[in-house]
There are 2 protein chains.
Amino acid sequence: MLQDHSVHVQCGDCPIRHRAVCARCDTDELTRLEQIKYYRSFQAGQTIIWSGDRMEFVGSVVSGIATLTQTMEDGRRQMVGLLLPSDFVGRPGRATAAFDVTATTDLVMCCFRKKPFEDLMAATPHIAQRLLEMTLDELDAAREWMLLLGRKTAREKIASLIAIIARRDAALHLRRPAGALAVDLPLTREEMADYLGLTLETVSRQISALKRDGVISLEGNRRVTIADIDRLMEEAGDDSDGGMLV
Amino acid sequence: MLQDHSVHVQCGDCPIRHRAVCARCDTDELTRLEQIKYYRSFQAGQTIIWSGDRMEFVGSVVSGIATLTQTMEDGRRQMVGLLLPSDFVGRPGRATAAFDVTATTDLVMCCFRKKPFEDLMAATPHIAQRLLEMTLDELDAAREWMLLLGRKTAREKIASLIAIIARRDAALHLRRPAGALAVDLPLTREEMADYLGLTLETVSRQISALKRDGVISLEGNRRVTIADIDRLMEEAGDDSDGGMLV
DNA sequence: ATGGCTCCTTGACCCAGATCAACAAGAGGC
DNA sequence: GCCTCTTGTTGATCTGGGTCAAGGAGCCAT
């Protein structure tokens, strides 16, 4: 009986390598990464790291989806990061986590124990440079997200979220959309609400409204078909096309 | 007649060096930075970079305050970054700016032309590593900000903003508060509204409310005295003390 | 097939904060 | 001093999205 073969993915020929930490590593550097890496699986709903925990490792999402969230004492919750395959988790140079990291689907991570990774980073400028690039991208994304949270209407927020997921999906698979585009929403209504700073009822109402108005259509309640991307972007209120689709 | 002496500040003995890009550079690296640096002054209200512009330089704020903002076609505006002295501006590895950068007070920047800086960065792992650290800090701050925008009430937002400015102020001067703490709000009510995702009227009302309730008091309408920091933090709804004051 | 989940939708009502509008308080400039 | 311009305050009213509440739709497990 074979083990789940996802645990045998190699960084070097991983299909998402073009977006990963090791995107520009040479074979020598890859070898050293291989030596310190290991895989961990998490079940849907499982918390990977609690805010305030000691961080034992850093790593990349190989498959599945994780979220970064912050919760106030009274239970108000805000998602502050959505981690899709190739995204980096953890913070070299800091001992404890500032946010909760949760697997929202079954998840496989490619992990590196923190100390060896930091040593390798110190010895391999490539990696720090690539990590800087990725962190700057994340910061840009966080800033777009801030505009969404602070100024967009509920309808614009939903349209934006669908556009963001469609874009990430396309970027990951290096493909451009062929006509009507189908996207799986990897989040529950409640998770979308936490992403958007809304309640789940408002999310549900606005998705219904976009459907009623012909901007999207639904198969089941997770799979969305986007009839007209330009119309969706317009509904999202984005001034730029946000670098839509790579 | 002497020129404004702020233009003669040296990175090496700059009072804010402990927070700047060059925080951990040795004398040799500092010398190389000195060779490619130059100073630029901007007047209050002047736009430093427009979103979409080619970025000719990167640099650090020496004195004064700049903001990073995003504007939608219909004029809705969201601040996505508040740049105080020691903060880094610009994005090595990207040709065009994604946000508007504006001086909200008279401002002096220590600039490096982009290409030489990138070359130096490639040759000096130190700098990329320090920049990564700073970017990760900014990302953490952006994520706290997202909780504020998505989930906090107007009153909590105002309390948070005052706390954030007090904290940054203290960190910059490496001092801890002695009893009641006075802070200058370096922003107009409208700028605060853009920071917080509110209208300026709501900002004004909530500041009045905090004053009425004895959480803060005002001298003029820019200088705030915080009677009781713990009370303010409580009003801000922060679960952690947010690493208050370094 | 039935009960008990979790997830989603929809309706009725309410309220925090937006909007519209008037006015006060400085800060220069002359 | 007086005028003008910008910035800030406060009031009255409106509304988008929150809250509360009642079902519906899948999806197991028994």
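Residue numbering restarts at 1 for every chain, and letters A, B, ... go by the order of the sequence lines.
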Nucleotide D:dT7, atom P - distance to CG of B:Asn221 in whole Å: 11 Å
With sugar-phosphate taken as primed atoms, P, OP1 and OP2 and all else as base, the protein-contact string of nucleotides 15-28 of chain D at under 4.0 Å (heavy atoms; B, S, -) is --SSBB--------
Interatomic distance, B:Leu200 CG vs D:dG11 C1' [rounded to whole Å]: 15 Å
How many whole angstroms separate atom CD1 of B:Ile207 from atom P of D:dG8? 9 Å
Are any side-chain N or O atoms of B:Gln78 and backbone N or O atoms of B:Thr71, one a donor and one an acceptor, separated by less than 3.5 Å? no
With heavy atoms under 4.0 Å as the rule, sort A:Arg76 into base, sugar-phosphate or nothing. nothing
For the residue pair A:Phe57 and A:Tyr38, categorise the inter-ring angle as parallel (less than 30°), tilted (30 to 60°) or perpendicular (more than 60°). perpendicular
Give every donor-acceptor pair under 3.5 Å between a side-chain atom in residues 96-107 of chain A and any protein atom, sequence neighbours left out.
residue, atom, partner, partner atom, Å
A:Asp100, OD1, A:Ser51, N, 2.7
A:Thr104, OG1, A:Ile65, O, 3.3
A:Thr105, OG1, A:Ile65, N, 2.8
A:Asp106, OD1, A:Ala44, N, 2.7

Chain A footprint on DNA chain C, 5' to 3' - any atom under 4.0 Å from a heavy atom: C:dC8 to C:dA12
Once side chain to side chain donor-acceptor pair (under 3.5 Å) is applied, do any residues pair with A:Ser60, and if so which ones, sequence neighbours excluded? none
Could you state the NZ-C1' distance from B:Lys211 to D:dT9, rounded to the nearest angstrom? 10 Å
In short, salt bridge (Lys or Arg N to Asp or Glu O under 4.0 Å) pairs touching residues 46-71 of chain B with sequence neighbours left out are none
Once you build an axis from the first five pairs and another from the last five of the helix from C:dA1-D:dT30 to C:dC30-D:dG1, how far apart in angle are they, to 10 degrees? 30°
Pair listing, salt bridge (Lys or Arg N to Asp or Glu O under 4.0 Å) test, anchored in residues 193-210 of chain A, at least two apart: A:Arg77-A:Asp194, A:Asp194-B:Arg151
Quick one: list whatever passes side chain to side chain donor-acceptor pair (under 3.5 Å) with B:Asp184, sequence neighbours left out. B:Arg223
Salt bridge (Lys or Arg N to Asp or Glu O under 4.0 Å): pairs with one or both residues in residues 212-222 of chain B, sequence neighbours excluded: B:Arg155-B:Asp213
Apply side chain to side chain donor-acceptor pair (under 3.5 Å) to A:Arg189 and list each qualifying residue two or more places apart in sequence or on a separate chain. none
Across all chains, not counting sequence neighbours, the ring-ring contact (aromatic ring centres under 6.0 Å, His included) partners of B:Phe42 are none
With sequence neighbours left out, write down each residue that passes side chain to side chain donor-acceptor pair (under 3.5 Å) with B:Glu156, or none if nothing qualifies. A:Arg76, B:Thr153
